Amino acid sequence: MVENASLELLSGARSDRRTELETFVLEAGEPRFRVEQVEAWVFDHDARSFAEMTNLPTTLRARLAERFSLTPLEVDTVARSRDGTIKHLWRLDDDERVESVLIPTRERLTLCLSSQAGCALGCRFCATGDFGFRRQLRSAEIVAQYRESRRVAREELGRPISNVVYMGMGEPLANLDAVLASLRGLHEGFGLGARRITVSTVGLVPGIMELARRPEPFELAVSLHAPLHELRLELMPIERRYPLPELFGALRAYQAHKNRRISLEYTLIDGVNDDRELAETLADLTHGLTCFINLIPFNPIPSRPEWRPTPKDRIAVFSEALEARGVPNAVRTPRGRDIAAACGQLRLSRNESSSSDR
Ligand code: SAH
Ligand code: SF4
């Protein structure tokens, strides 16, 4: 794995690799401005190889390529939905595969990216959970999904990526260091506003507290899916480690620190967690917390043939029960159903008046 032996320019913010780059350029007998040229190629022009850096001398390009890596991801598969969603399966340097999804709406172009190959947390409704854990992604591999997708967005859709959500494969807060470095990379390296980046977690309390300590206003989404301990435990094994009272304690502490609204994700499975009374319990649970609840119809997965999405009319009942209790919420329409029916992750909405549409 030559890639790992070399320094990945995408790992962290623009300034993180500057010293190494500067030393290298000066030792190569080149002027200092070459450093800015390389950085511009990496962060402004989305270069995925040094050969593309045509304003640099050929010899310098070759030497850079021996020392540094741009973490190029190879396309394994690309699927285009009728609704405009584009899903990529990327092949990593050790042949692992992760996916990312471009989701266009009228006002935004959201990129959903992966933080791990697979996931160890085994939520019962999730295709990635079925898949099991393969390995952590390096921060450069997370940021590279953005770089590759930005190239596609420009070439195929003619518009920039406006938002990034960590809602692809994996649990971001179980790969905390790499994810924090990737957040800096997207924010300080590629200049994406922190409010346009959402980290979605199953509810790992230490990671939530670490995000609370970050100075940047990244958005937090928490996958809840049940407002009662026993029911949540049936759906999400993580409930044993961080039960609801502890999770909500952490969310209140987060909010005290950040003063930011938190999104709660609630996937509705027919007859499992969609009872009207549960909406009432959910309203009680969130009392005093400034939050927005995203209601997502369950996306069927092969390992759970008996589970169906809650029908529209009953989702509306659930939504109205929350509304009546003053809990802001929106029903999300899953995107790209025709290309990723088994994925379970494509659940962002066409609804432009959503929580994160600000
Ligand atoms: N591990 C993180 C982020 C990745 S999962 C998390 O769990 O939050 C992204 C979102 O997709 C989560 O809210 C998850 O609960 C949801 N999801 C997973 N499988 C789903 C399915 N089959 N149908 C609908 N949503 C699903
Ligand atoms: Fe992992 Fe999130 Fe899927 Fe749960 S829902 S198994 S945490 S990816």
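On a predicted model such as this, the values are computed, not experimentally measured, just so you know. The first residue of the sequence shown is numbered 1, and numbering continues consecutively from there.
Nearest approach of Ala47 to Leu70, heavy atoms of both residues: O-CD1, 4.1 Å. Between Asp274 and Phe318, the shortest heavy-atom contact is O-CD1, 3.5 Å. Taking every heavy atom of both residues into account, Leu113 and Ser100 meet most closely at CA-CB, 4.2 Å. Of all non-hydrogen atoms in Leu220 and Leu211, the two that sit nearest each other are CD1-CD1, 3.9 Å. Summarising the geometry of Ala174 relative to Gln136, their closest heavy-atom pair is O-NE2, 2.9 Å, with the distance given to 0.1 Å. Of all heavy-atom pairs between Pro305 and Pro302, the closest is CD-O, 3.3 Å.
Taking 4.0 Å as the cut-off between side-chain N and carboxylate O, Glu234 and Arg124 do not count as a salt-bridged pair. Ion pairing between a basic and an acidic side chain is recognised when a charged N comes within 4.0 Å of a carboxylate O; Arg91 and Glu74 show no such pairing. The pair Glu280-Arg276 meets the salt-bridge criterion, since a charged nitrogen lies less than 4.0 angstrom from a carboxylate oxygen. Between Arg32 and Glu22 a salt bridge is recorded (basic side-chain N to carboxylate O distance below 4.0 Å). Ion pairing of Glu27 with Arg63 is absent here, as no side-chain N (NZ or NE/NH1/NH2) approaches a carboxylate O to less than 4.0 Å. Salt bridge Arg135/Asp94: present, at least one basic N to carboxylate O contact under 4.0 Å. Ion pairing between a basic and an acidic side chain is recognised when a charged N comes within 4.0 Å of a carboxylate O; Glu39 and Arg18 show such pairing. Between Glu188 and Arg14, no side-chain nitrogen of the basic residue sits less than 4.0 Å from a carboxylate oxygen of the acidic one, so the salt-bridge criterion is not met. For the pair Arg151 and Glu52, the salt-bridge criterion is met [side-chain N within less than 4.0 Å of a carboxylate O]. Ion pair Glu219/Arg261 not flagged as a salt bridge, since none of the NZ, NE, NH1 or NH2 atoms sits closer than 4.0 Å to an Asp/Glu carboxylate oxygen. Using a 4.0 Å cut-off between charged side-chain N and carboxylate O, Glu306 and Arg304 make a salt bridge.
Counting only distance, with no hydrogens or angles, the side chain of Lys258 and the backbone of Phe218 share no donor-acceptor pair below 3.5 Å. At least one donor-acceptor pair under 3.5 Å links the side chain of Ser149 to the backbone N or O of Gln145. Counting only distance, with no hydrogens or angles, the side chain of Tyr266 and the backbone of Leu282 share no donor-acceptor pair below 3.5 Å. A donor-acceptor pair under 3.5 Å is absent between the side-chain atoms of Asp95 and the main chain of Asp93, judged by distance alone. Formation of a donor-acceptor pair under 3.5 Å by the Arg150 side chain with backbone atoms of Ile161 is not found in this model. The main-chain N or O of Ala65 is never found under 3.5 Å from a side-chain atom of Ser69 such that the two would form a donor-acceptor pair. Between the side chain of Arg232 and the main chain of Leu224, a donor-acceptor pair closer than 3.5 Å is present. Side-chain N or O atoms of His225 include one that pairs as donor or acceptor with a backbone N or O of Thr267 at under 3.5 Å. At least one donor-acceptor pair closer than 3.5 Å links the side chain of Thr105 to the backbone N or O of Arg108. Under the 3.5 Å distance criterion, the side-chain polar atoms of Ser162 are matched with a main-chain donor or acceptor of Leu109.
Residues meeting the salt bridge (charged side-chain N to carboxylate O under 4.0 Å, His left out) test with Asp177, sequence neighbours left out: none. Residues meeting the salt bridge (charged side-chain N to carboxylate O under 4.0 Å, His left out) test with Arg240, sequence neighbours left out: none. Looking at residues two or more places apart in sequence or on another chain, you find no salt bridge (charged side-chain N to carboxylate O under 4.0 Å, His left out) involving Glu171.
In this structure, Thr71 and Leu92 have side chains that are not in contact, with every pair of non-hydrogen atoms separated by 4.5 Å or more. Using a 4.5 Å heavy-atom cutoff, the side chains of Thr110 and Val165 are in contact. Counting heavy atoms from C-beta outward, Asn329 and Glu323 have side chains that approach closer than 4.5 Å. When side chains are defined from C-beta on, Glu156 counts as touching Arg80, because their heavy atoms get closer than 4.5 Å. Inter-residue side-chain proximity for Val101 and Lys87 is flagged as met; some heavy-atom pair is nearer than 4.5 Å. Using a 4.5 Å cut-off on side-chain heavy atoms (C-beta onward), Glu265 and Val222 make no contact. At least one side-chain heavy atom of Ile315 sits under 4.5 Å from a side-chain heavy atom of Pro297.
Residues Val272 and Val317 do not share a hydrophobic cluster, defined by chaining ILVMFWY side chains whose heavy atoms lie under 4.5 Å apart. Leu233 is not connected to Phe298 by any chain of hydrophobic side-chain contacts under 4.5 Å among Ile, Leu, Val, Met, Phe, Trp and Tyr, and they are in different clusters. In the hydrophobic cluster analysis, where Ile, Leu, Val, Met, Phe, Trp and Tyr join through side-chain heavy atoms closer than 4.5 angstrom, Val202 is grouped apart from Phe133. In the hydrophobic clustering of this structure, Ile238 groups with Leu244; members are Ile, Leu, Val, Met, Phe, Trp, Tyr whose side-chain heavy atoms approach within less than 4.5 Å, directly or through other members. Residues Leu60 and Leu26 are members of separate hydrophobic clusters, defined by side-chain heavy-atom contacts under 4.5 angstrom among Ile, Leu, Val, Met, Phe, Trp and Tyr.
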Practice prompt. Walk me through it: do Arg314 and Asp270 pass the test side-chain contact (heavy atoms from CB on, under 4.5 Å)?
Written response: CA-CA 9 Å; Arg314 280 199 290 113; Asp270 192 13; 2.4 Å; yes

Discussion item. Does Leu235 form a side-chain contact (heavy atoms from CB on, under 4.5 Å) with Phe125? I'd like the steps, not just the answer.
Written reply: CA-CA 7 Å; Leu235 300 175; Phe125 47 80; 4.1 Å; yes

Worksheet entry | Audit row: Leu183, Ile197, side-chain contact (heavy atoms from CB on, under 4.5 Å) steps and yes/no | CA-CA 8 Å; Leu183 288 169; Ile197 307 176; 3.6 Å; yes

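Arg134 CZ: 12 or fewer foreign heavy atoms inside a 6.0 Å radius. Around NE2 of His229, the count of heavy atoms belonging to other residues, nucleotides or ligands within 6.0 Å exceeds 12. Other residues, nucleotides and ligands place no more than 12 heavy atoms under 6.0 Å from the CZ atom of Arg241. For Asn259, the CG atom is loosely surrounded, since the number of other residues' heavy atoms within 6.0 Å does not exceed 12.
In this structure, a donor-acceptor pair under 3.5 Å is absent between the side chains of Trp41 and Asp46. Looking at Asn175 and Gln116, their side chains never bring a donor and an acceptor atom within 3.5 Å of each other. In the model, Arg34 has a side-chain atom that pairs as donor or acceptor with a side-chain atom of Gln37 under 3.5 Å. At a cut-off of 3.5 Å, with distance as the only test, no side-chain donor of Tyr166 or Thr201 sits close to an acceptor on the other residue.
Tested against Glu8, the residues Arg17, Arg138, Arg67 include a single salt bridge (Lys or Arg N to Asp or Glu O under 4.0 Å) partner, Arg138. Looking at Asp76, Thr77, Leu89 one by one, the single match for side chain to side chain contact (heavy atoms under 4.5 Å, CB included) with Glu99 turns out to be Leu89.
In this structure, Arg213 CZ and Tyr254 OH are separated by 12.5 Å, a value rounded to the nearest 0.5 Å. For the atom pair CG (Leu73) and CD (Glu148), the distance works out to 4.5 Å, reported to the nearest 0.5 Å. With rounding to the nearest 0.5 angstrom, the CZ atom of Arg252 is 10.0 Å from the CG atom of Leu247.
Under the 30°/60° scheme for interplanar angles, the aromatic rings of Phe190 and Phe43 are found to stand perpendicular.
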